[in-house]
Amino acid sequence: MIRFFTPTRLLIILAASAVGGGAETSISKLLQERLASVVAVEFSIEHEMDRTVNFAYGIVIDDQGTVILERGAISDRATPEQLTDFKVYRPGAPVTEYSSAEYIGQDGYSTWHFIRIDVAGRIGLQPISRFVTGDSPLIPEMAEEIWGIGLRKKDEEFAPYFLSSRVSFLQDMPQATGVALGSVAGRGLPVFNMEGEFVGMGASGFGESMIVYSQSRRGELSVFINPDECAAFRLASEVLMATERIPTNQYGRPLPWFGIDGIDPVDPEVAEFLGLGSGTGLVVSEILAESPAESGGLLARDIIVAIDGVPLPRMKPDRVVTAYMQRELLRRLPGTSFSLTVLRGKQELELPITLVDAPKTPAEAERHYFEDVGLTVREMVYTDAVDRRANPTELSGVIAHFVKPSSPVGTAGLQQDDWIKEIDGGVVAEFADAMALIEAVEASGRPEVVLLISRGGKTSVLRVKLKT
Amino acid sequence: MTRLLLILTFAFWCPLTAQAEMPPGFRDLMDAVVRIDVREFAYEAGAKRFRSGVGSGAIVSEDGLVLTNAHVVGRRAVEINVTLANLERVSAKLVGWDHWTDLALLRIDQEELKEKGFKFTVAKFGDSGALYPGQTVFAVGTPHGLTRTVTRGIISNPRRYFADSRGVRGYETGQFNTWLQTDAAINPGNSGGPLVTENGEIVGINSRGYLGADNLGFAIPAATAREVMEALADDGEISRSYIGIVPGALQDLESFYDLELNNGMLINSVDPGSPADEAGLRGGDILLAIDGERVDGRFPEQLPPIQHRIATSRIGTSMDLMVKRGSSTENYSVTTEALVSRVGEEAVFESWGLSVREVSRAYARENQLPDDEGVLVIGVQRGFPAAVAGLNSGDVITKINDVPVNSLAIVGSAVDAFDADPQSALIEARRQFRVSLYILKP
């Protein structure tokens, strides 16, 4: 990542010499002050066979050393137990000086991950709210000049650097989001206006479509994603609400659950055809068994048009309203009641819904790694059954969560996410059965074991030759 | 000058030697081999387009029946031309088609034949069951359009097993027969041509080869071809029984299931909602006997005959299956139903730029759909109403203007109504398991 000769950098240098030192010095000072709200985070994910070291950048949100990391900073597949060894570095400080931190959890609504720095490491930190002067954060305007902080990699001691741009446009996605002309902050790092007011946080996951011409590629459409810096940023309001949403446990409980699957926004043509005026609708594909949606009387193919009397807004692009709906549910607590307006054929219905706490998630499921066999078995949970088109109210079997390559089960053809229904002729009704059956096989020293598995709705008998 | 002379000499000598060595049976066979040129619909574009192909075949009856591959001439064929041994062309019609064995039967236009006074011989079948590895065989056909090409090889394996669930243009094939493997060069265009012995008896119908491999070709055994040919000649199609079990070989699993060797067949999977499923069978069961007759499925090569045994029983018969599960053995009564392909009937609605296919029971089962309602979109034409509305290949149309869609005819009448009086139509479709709505505008 050599950037000293990039056009952006060149432009800034030219601008600086043209205007003279005055204004730049003050931005530089603002930047130095604001580094107190910024940290670099290193952590490990423990896998069955190895551990991976990961890096992310975060913003300090309170005086208790709480730091938020954006959703993409931690793999969705990693469970809280797998996340270890959090180290927090200060920008530009020697990397031999770091403090430790613990993982607090992820908030389903904001999608932020939360970590907390140990007491010693909190000295000198400032919550980002210090850089908000009014009652509510400022929303930058279109074309306004803004700047942000980037951090270099560990081998450069996470040295801070300056980025700046102008606001290109603002949009609800459904998170209040700004998009700048170019890179304006590192991933998960803050954006400010020219007065130093905190206005947002760099958001990853946005790419730029480009057509690539080269000797071997003739006009190939490609999406360019800058892995380190962002042109998009979540507005400050999205960040500041984090203080209200610090998880009380690593699994983000209580977790509200509605129980619908596959919601699809209607496009403006369909909305007009259905007479939805300026609003829009969401077609519900499936109602999950024993869910609040089912007890509330929702049926598959109903079209949701309003929540608590508030019509679903038409958003750009259409699919954003799906995330809007999810956020509307996630911001409510289990036990909350609301009314849902749906279209069923020509009829408009008001359905009373009461959210409940979500069934056990895959992250919360029990699991165990059997090294000799080369398999992590995981308890089957509600969503596993839904994904496999099975009845989620009668769970049985376990999931092959990890299959070690070239291990006995790997060689036998078992694949990750296979549904194991029988082990050695014994029915696996629940997780404990799988544990007992595999332990018995391991203890017996038998040369082989037979599994009955299901994949894509088809079962298959696998013969596993065990190492002797 | 010298070169010319040499060639002339060679040309002069060559036919004489060949004539002397060609057995009469082989000569007759050569007079029965034809080239087949096909023009057929290509539905996938959301419009009626045509595409053409070349294959091979052999005349197998006095009244002009020609045996070829199902992947050479299918139900989409609109024009079939057969080139006889005298290099003259006559037209032909499809008599019947069976993708399960990759065979199709055509009939040469008798009147045209009579009018033009063309003659042919009728090919003779040999015993494909008596072939031995290493036996010399010849492939005759039209590789890459090169009419009347003979290549020579041996039988590499007289009983090769492979099932290919998408082998014949997306249709299932190979479940009910094993194949002859040969190293006689087989190239695209050889398809449907005969694999013959030195005296010209057909022992197989050349069907496929591994691309990029050296001479790994496969032919449908004559025994299978004759059986299918007779049924197609009589009815134009073959009906088979289906019970919904996916078999597996038992090799190495006998001790686990506590079985004597060469006894029973593994049921790897049971199709949901199939007769076997409804009778209570499930994956991991061992099928010991069908109607009291012992079953031996130790090796993969033994599975097609068992499948064939089930398929050839009359549709709707009650079959008595002796099944071992764990340590107990029980009898299950299963009533067979008609075997259907995952590929249903197809149609194209040009004013909408939409190609669709009926959702068959097999397609619904394979894709874990709740039912076999709806029609599957297999193609849309860019810029036409269906594409503009947002429909795409893979969508299953379930409703048009509140009318449930369960046949091509329902789509047809919606299109007719639309054409007569263009009004926006509301279409409900499922992509995977997600229900979406689309507006089709004039």
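Just the heavy atoms: all of them, side chains too, but no hydrogens, waters or symmetry mates, feed the values below. A, B, ... follow the sequence lines: proteins, then strands. Residue 1 opens every chain. Values in this document were obtained by computation on a predicted structure and should not be read as measured data.
Of the inter-residue distances, the one linking B:Ile267 atom CD1 with A:Thr459 atom OG1 reads 9.5 Å to the nearest 0.5 angstrom. Rounding to the nearest 0.5 Å places NZ of A:Lys421 at 9.0 Å from CZ of B:Arg282.
B:Tyr257 touches chain A through its side chain: at least one heavy atom from C-beta onward sits under 4.5 Å away, while N, CA, C and O do not. For a residue to count as touching a neighbouring chain, one of its non-hydrogen atoms must lie under 4.5 Å from one of that chain's; by this rule B:Arg325 does not touch chain A. Of the atoms belonging to A:Leu274, it is side-chain heavy atoms, and not backbone ones, that fall under 4.5 Å from chain B. Heavy-atom distances place no part of B:Gln432 under 4.5 Å from chain A, backbone and side chain included. Proximity to chain B involves both the backbone and the side chain of A:Asp424, based on heavy atoms less than 4.5 angstrom apart. At a 4.5 Å heavy-atom cutoff, the contact between B:Asp271 and chain A is made by side-chain atoms alone. Residue contact with chain A, scored on non-hydrogen atoms closer than 4.5 Å, involves the side chain of B:Thr398 exclusively. Only the side chain of A:Glu286 comes within contact range of chain B, judged by heavy atoms closer than 4.5 Å. When heavy atoms are compared at a cutoff of 4.5 Å, B:Leu426 approaches chain A by way of both its backbone and its side chain. If you measure heavy-atom distances from B:Arg430 to chain A, the contacts under 4.5 Å come from the side chain alone. Looking at B:Asp402, the atoms closer than 4.5 Å to chain A (heavy atoms on both sides) all sit in the side chain, from C-beta outward.
Geometrically, A:Arg389 engages B:Phe433 in a cation-pi contact defined by less than 6.0 Å to the ring centre and at most 45° from the axis.
Within a 6.0 Å sphere centred on CZ of A:Arg344, other residues, nucleotides and ligands contribute more than 12 heavy atoms. For B:Glu260, the CD atom sits in a loose shell: 12 or fewer heavy atoms of surrounding residues, nucleotides or ligands are nearer than 6.0 Å.
Each of B:Arg365, B:Arg431, B:Gln368 has some count of heavy-atom pairs under 4.5 Å with chain A, and the biggest count is that of B:Gln368. Of the listed residues (A:Asp267, A:Val266, A:Val450, A:Ile303), the greatest number of heavy-atom pairs within a distance under 4.5 Å of chain B belongs to A:Val450. Heavy-atom pairs under 4.5 Å with chain B peak, among A:Arg301, A:Glu272, A:Lys458, at A:Arg301.
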